[in-house]
Amino acid sequence: MQLLKERILKDGVVKPGNVLKVDSFLNHQMDIDLINEIGKEFRRRFPSDKITKILTIEASGIGIACIVAQYFNVPVVFAKKAQSINIDGDVYSTKIESFTHKRTYDVILSKKFLTKDDHVLILDDFLANGCALLGLIDIVKESGATIEGAGIVIEKGMQDGGKKIRQQGIHLESLAIVESMTDTDLTFKED
Ligand code: 5GP
């Protein structure tokens with residue numbers, strides 16, 4: 001998505017540890033006009049009218065998912081990072097290792113909000129090693145719902161998350177795939 005790539009080049013900042021900061025427009029301060037365009041683009045790439053729910057994970061996925069969901073007219077449900085490990089039977093749960101925080105979270109989702117009849121589009125801001133997305137996929141599998149696809153705003157193509165997801169046969173769409181990045185240079189994979 002050209003508009004997004006131009007914005008990453010203009011305002012993205014590469015930090016040590018292979019982290020791309022896009023917090024001036026995507027996941028701290030949010031450029032709503034841009035995220036509306038992101039919503040339209042996801043709709044174009046996932047035209048299925050079977051989708052019943054958008055699933056994401058707190059925190060930074062939520063705002064993006066809420067704007068995108070307006071182009072799908074379906075509810076957003078988000079997996080929560082559990083405060084305690086006392087997980088009861090009313091929730092689906094999985095473990096996710098955070099790339100940015102270098103720790104493992106228990107993640108939960110109430111069984112009320114995802115059932116076997118749902119057709120789910122999973123959304124997140126970044127795809128790096130794939131732990132977050134694989135965790136969300138686990139939750140959908142546990143619920144018996146159908147995965148219609150996964151939409152990612154920025155995939156870091158030099159990490160292998162994208163490969164792991166595509167190998168599972170999941171329809172993955174990333175709006176910008178970073179091929180390489182240093183503090184002075186960032187390149188994208190061609191669409
Ligand atoms: P993964 O689980 O695929 O390794 O990492 C995905 C999660 O880590 C995303 O939900 C995102 O919040 C965070 N993340 C991974 N890489 C980056 C990055 O380069 N920049 C930012 N801002 N977040 C990242």
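One-based numbering, in listed order, for ligands and for the atoms of each. Just so it is clear, the model here is predicted, and its values are computed rather than measured.
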**Prompt:** Can you tell me which residue and heavy atom of the protein come closest to atom 20 (N) of ligand 1, and the distance to 0.1 Å?
**Reply:** L20 O, 2.7 Å
**Request:** Could you find the nearest protein heavy atom to atom 8 (O) of ligand 1 and give me its residue, atom name and distance?
**Result:** F99 CB, 3.9 Å
**Message:** Please classify the V19 to ligand 1 contact at 4.0 Å (heavy-atom distances, strictly less than): side chain, backbone, both or neither.
**Reply:** both
**Request:** Determine whether the side chain, the backbone, both or neither of N27 has a heavy atom under 4.0 Å from any heavy atom of ligand 1.
**Result:** side chain
**Request:** Pick, from G12, G161, G130, the option with the minimum heavy-atom distance to atom 3 (O) of ligand 1.
**Result:** G130
**Message:** If we check side-chain contact (heavy atoms from CB on, under 4.5 Å) with F46, which of these qualifies: E41, H171, E148?
**Reply:** H171
**Prompt:** Other than I62, which residues form its hydrophobic cluster under the rule that side-chain heavy atoms must be closer than 4.5 Å?
**Reply:** F78
For [X], state whether at least one heavy atom is located under 4.0 Å from any atom of ligand 1.
X: N18; answer: yes
X: L133; answer: no
X: K156; answer: yes

**Item:** Reported OG1-to-CG distance for the pair T94 and D106, which is rounded to 0.5 angstrom
**Value:** 8.5 Å
**Request:** Please indicate whether any nitrogen or oxygen in A128 is less than 3.5 Å from any nitrogen or oxygen in ligand 1.
**Result:** yes
**Asked** Should the heavy atoms of other residues, nucleotides or ligands under 6.0 Å from NZ of K80 be counted, would the total exceed 12?
**Response** no
**Asked** So, is the end of the R103 side chain (NZ or CZ) under 6.0 Å from the ring centre of Y105 and within 45° of the ring's axis?
**Response** yes
**Message:** Are the side chains of I67 and N36 in contact, using a 4.5 Å heavy-atom criterion?
**Reply:** yes
**Message:** Quick one, I54 and F72 - any side-chain contact, counting heavy atoms below 4.5 Å?
**Reply:** yes
